[in-house]
Number of protein chains: 2
Amino acid sequence: MAHVALSTVRRLSLYLQFLEECTRDGLTTVSSRALAERGGSTPAQVRKDLSFFGSFGKRGIGYPVRELAERIRAILGLGRRYRVVVIGAGRIGSALASYPGFADRGFAIDAIYDVDPAKVGRALDGRVVRDIAHLEDDLRRTAADVAVIGTPAEPAQELADRLVAAGIRAILNFASVTLVVPPAVTVANVNMALEFETLAFALNWDGDR
Amino acid sequence: MAHVALSTVRRLSLYLQFLEECTRDGLTTVSSRALAERGGSTPAQVRKDLSFFGSFGKRGIGYPVRELAERIRAILGLGRRYRVVVIGAGRIGSALASYPGFADRGFAIDAIYDVDPAKVGRALDGRVVRDIAHLEDDLRRTAADVAVIGTPAEPAQELADRLVAAGIRAILNFASVTLVVPPAVTVANVNMALEFETLAFALNWDGDR
DNA sequence: GAGTGTGAAATTGTTCACAGCG
DNA sequence: CGCTGTGAACAATTTCACACTC
């Protein structure tokens, strides 16, 4: 398959969210225009995005809601379960652990780790927090697909190195540092300080536009 | 000022994070190469990004760490305090409320709202959760700069409409829906389901590349 | 007629390469 | 001599326009 832009993949995920809403509302078909309006895109963009993967629509009608959702799930690889380990049992780790929405979508948290002896051994939403020292042993026993780094910035890079060495190929990073990893490893960043700062910039500059 | 790409603004925020690390390490100058290595960029990109706003470096030497950090803070508008209201006292609202890092960077949470009578009136990290019914009155009394939507997807659009009507021009949206807002309002999205899904896609496709 | 699928055009964003300065 | 600043070349992405199908 030809190279597909990251922006296209992210939009597919948004389209899927909207399609699931359509399913709940009982719609059976949806046009690229409708999909665009609530998927933060344009009709042409929707059609282009989908055309990279095949032609799923019917001319004059639109796209079949159920089938398109299924196709996008297949494209994104959501047909199977993903094993997730979470590093850091603080605010972020706790929030993720107690959210059932990820498990529902196939991302199941296998284990939660921390360095803090005060947290290790405590239960967090039904899972016991394990000592980070066990990380490599645990991963050797049961490989994980995705690791979440929910620690402060300082230990994040070293943890990323350990995770990569242990075979992890996808990291969701909440720490406010840019992780340096080999090209075979994918990192997705959630950086709230950065989001606040882009909002601050927008507030200050769009007065001038 | 000429139009600046969102991607440039986001990188400035990353450069700033690294510059603060440099300050702590006692460095006084930094080259575009060093900045690029830990800012997820390239040397040319760093220089280009900065050149949109002025010329801050010294040829043959690099950039003065302290001064450049200060300049970027000014560009992003981080010189002042921003009033933040948080909608939703669940996992996300709690996590934000208890994180001192945002207040440190000038983003102070003024109020937290919820609809759930079981949560309203309870204290959350020193702040009492207010009934969402008071939102408009409160904002009329004390305007806020940024609103955080930390609710489930269903009420998110309606809340966004209320916030916009009440004069909010910047929204940080954690709900898994694309908000429709007037062009004068800026929305930043943090969509964890989407991040997991892009990681899933990467895991399935980079085997083929 | 309504709405998709898709090359081609336009735009936007990134990289190059080198002049110019400290 | 090293490293910035920047126009010009290049690459990627988005938008357009229209042929085609239901």
Novice: Can a donor-acceptor pair be found, under 3.5 Å and without considering hydrogens, that links the side chain of B:D145 to the backbone of B:R83?
Specialist: yes
Novice: Cut-off 3.5 Å, no hydrogens considered: what does the side-chain donor-acceptor table look like for residues 187-200 of chain A, sequence neighbours left out?
Specialist:
unit_1	atom_1	unit_2	atom_2	d
A:N189	OD1	A:N173	ND2	2.9
A:N191	OD1	A:L194	N	3.2
A:N191	OD1	B:Q17	NE2	3.3
A:E195	OE1	B:R10	NH1	3.2
A:E195	OE2	B:R10	NH2	2.9
A:E197	OE1	B:S13	OG	2.5
A:E197	OE2	B:R105	NE	2.9
A:E197	OE2	B:R105	NH2	2.7
A:T198	OG1	A:E195	O	2.9

Novice: Nearest heavy-atom pair of A:L124 and A:A89: which atoms, and what distance?
Specialist: CD2-CB, 4.2 Å
Novice: Please report the distance, rounded to the nearest Å, between OH in B:Y63 and C1' in C:dG22.
Specialist: 14 Å
Novice: How do A:G60 and A:S51 order along DNA chain C: which one's closest nucleotide is nearer the 5' end?
Specialist: A:G60
Novice: Any side-chain to backbone donor/acceptor pair from B:T23 onto B:L19? Under 3.5 Å, distance only.
Specialist: yes
Novice: Could you tell me whether the side chain of B:Q157 and the main chain of B:V180 form a donor-acceptor pair under 3.5 Å?
Specialist: yes
Novice: Give a yes/no answer on whether the side chain of A:S32 brings an N or O atom under 4.0 Å of OP1 or OP2 in C:dT4.
Specialist: yes
Novice: Need two values: the first and the last nucleotide of DNA chain D, 5' to 3', having an atom under 4.0 Å from any heavy-atom of chain A.
Specialist: D:dT13 to D:dC22
Novice: Anything under 30° is parallel, anything over 60° is perpendicular, the rest tilted; go ahead and classify A:W205 against A:F201.
Specialist: tilted
Novice: Taking the six-membered ring where the residue is Trp, are the ring centres of A:Y99 and A:F102 under 6.0 Å apart?
Specialist: yes
Novice: Would you mind building the protein contact string for nucleotides 12-18 of chain C? One character per nucleotide, 5' to 3', B for base within reach (heavy atoms under 4.0 Å), S for sugar-phosphate only, - for untouched.
Specialist: -SSBBB-
Novice: In whole angstrom, what separates A:I61's CD1 from C:dT4's P?
Specialist: 10 Å
Novice: When you measure from the centre of the six-membered ring of B:Y82, is the NZ or CZ of B:R80 closer than 6.0 Å and no more than 45° off the axis?
Specialist: yes
